[in-house]
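As structure tokens, the structure follows; a few thoughts come after it.
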Amino acid sequence: MAAAGRSTREAHWVASPGMDALVRAWAEPLRLAGQLITHTRVTQIERDPLNATGWQVRCEGQGDTPQVFAGFDAVLLAQPAVPALALLNTSALSSPLNEALAKVHIAPCWTLMLAFPQAVRPGLTTLGPQWNAARSTHHRIAWLARESSKPGRSIIERWTVQASPAWSAEHLEDDTARVQDKLLKAFAEVTGIRAQPSYADTRRWRYAQTQQALGQSHLWDASQGLGACGDWCLGHRLEDAFVSGLELALAVA
Ligand SMILES: Cc1cc2nc3c(=O)[nH]c(=O)nc-3n(C[C@H](O)[C@H](O)[C@H](O)COP(=O)(O)OP(=O)(O)OC[C@H]3O[C@@H](n4cnc5c(N)ncnc54)[C@H](O)[C@@H]3O)c2cc1C
């Protein structure tokens with residue numbers, strides 16, 4: 001997008017510090033050139049009044065400050081399909097993108113992050129099970145991973161727990177504290193870890209896991225200069241986001 005906002009998946013980065021290092025390095029030349037704008041939400045896309053074939057975007061910066069950035073040849077939407085479609089609709093824009101975006105389905109995910117610093121003692125570096133990651137058939141939990149087992153991570157016992165798409169959807173509007181209590185209980189049932197975590201944080205991602213992907217790497221309407229990319233084009237992983245963004249960039253170039 002012309003402007004990037006606060007990550008909807010921020011908690012993922014908190015759980016995995018350094019995962020955004022690559023993106024930061026790539027963005028560095030833009031930052032140095034004063035052309036990188038963050039913490040800014042695009043609220044509307046419209047034709048540039050000074051150039052009928054160009055675009056301008058209306059944004060809300062920090063503190064909801066309204067801003068307008070103009071003079072763009074193209075607008076590339078690098079956000080989940082649902083808000084991308086909502087942005088096109090709010091902007092009263094119609095292109096082949098609208099119909100394609102409407103076919104994508106992305107499930108929400110409640111995620112619990114836990115840390116047990118008390119587990120780090122001589123002779124006791126892990127709590128609970130002798131495995132580091134698992135798909136779960138528990139009705140609340142779909143996936144768990146021991147973050148501290150990943151290469152290069154601190155040895156402090158940390159877990160990320162992802163609720164199932166169905167349970168997340170059913171409890172999407174529940175209070176965060178209530179969701180955390182339920183996921184903590186489920187975590188104890190799956191892992192046998194009943195110790196009280198020193199740190200627990202629960203985040204909700206409205207658009208977390210692609211259930212119905214676009215089935216092609218990107219969308220690009222060259223006649224209007226509108227494009228879209230994201231993991232949802234091909235799947236739900238970082239590699240999918242990477243390939244999608246790269247393919248869109250190649251199509252535009
Ligand atoms: C809990 C969780 C754990 C995960 N773990 C892994 C993992 O271990 N390995 C893996 O490969 N993948 C993992 N993923 C998936 C991975 O995070 C995604 O595949 C990847 O982040 C998708 O990148 P993206 O650029 O398509 O979208 P996003 O990362 O969602 O980026 C979209 C960006 O657009 C911004 N935005 C949205 N609307 C606007 C707007 N109107 N104006 C301006 N900016 C806007 C958002 O703030 C966000 O920064 C995980 C996802 C979750 C939710």
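In each ligand, atom 1 is the first atom listed, and ligand 1 is the first ligand listed.
Those atoms of ligand 1 that come under 4.0 Å of a heavy atom in Ala241, given as number and element, are 22 (C), 23 (O), 24 (P), 26 (O). Set against the non-hydrogen atoms of Gly230, the atoms of ligand 1 under 4.0 Å away are 26 (O). Of all the atoms in ligand 1, the ones that sit under 4.0 Å from a non-hydrogen atom of Arg41 are 40 (C), 41 (N), 42 (N), 43 (C). Below 4.0 Å from some heavy atom of His236 lie the following atoms of ligand 1, by number and element: 15 (C), 19 (O).
Between Trp159 and Phe187, the ring-plane angle classifies as perpendicular under the 30° and 60° cut-offs.
Contact between Ala78 and ligand 1 is present, with at least one heavy atom of the residue lying under 4.0 Å from the ligand. Within the structure, ligand 1 has Thr111 among the residues with a heavy atom less than 4.0 angstrom away. For the pair Thr40 and ligand 1, a heavy-atom separation below 4.0 Å is found.
Taking any N or O of Asp231, backbone or side chain, at least one lies under 3.5 Å from an N or O belonging to ligand 1. Between Val42 and ligand 1, at least one pair of N/O atoms sits closer than 3.5 Å. Checked against a 3.5 angstrom limit, the closest N/O atoms of Leu238 and ligand 1 fall inside it.
Contacts between Gln162 and ligand 1 below 4.0 angstrom, taking non-hydrogen atoms only, involve the side chain exclusively. Contacts of Cys229 with ligand 1, taken as heavy-atom pairs under 4.0 Å, are absent altogether.
For the residue pair Thr43/Glu60, the side-chain donor-acceptor check at 3.5 Å is not satisfied.
Comparing Gln209, Glu239, Arg237 against atom 9 (N) of ligand 1, the shortest heavy-atom distance belongs to Arg237.
Under the salt bridge (Lys or Arg N to Asp or Glu O under 4.0 Å) criterion, the residue pairs touching residues 206-216 are Glu173-Arg206, with sequence neighbours excluded.
With hydrogens and angles disregarded, no donor-acceptor distance shorter than 3.5 Å links the side chain of Ser91 to the backbone of Asn89. Using modelled atom types, one side-chain atom of Ser148 and one backbone atom of Arg158 make a donor-acceptor pair closer than 3.5 Å. Checked by atom type and distance alone, the side chain of Asp181 never pairs as donor or acceptor with a backbone atom of Arg178 at under 3.5 Å.
The ring-ring contact (aromatic ring centres under 6.0 Å, His included) test applied to Trp55 returns no partner, not counting sequence neighbours.
Between Lys185 and Glu189, at least one side-chain N (NZ, or NE/NH1/NH2) sits under 4.0 Å from a carboxylate O, which counts as a salt bridge.
Gln56 is listed as a side-chain neighbour of Pro49, based on a closest heavy-atom distance under 4.5 Å.
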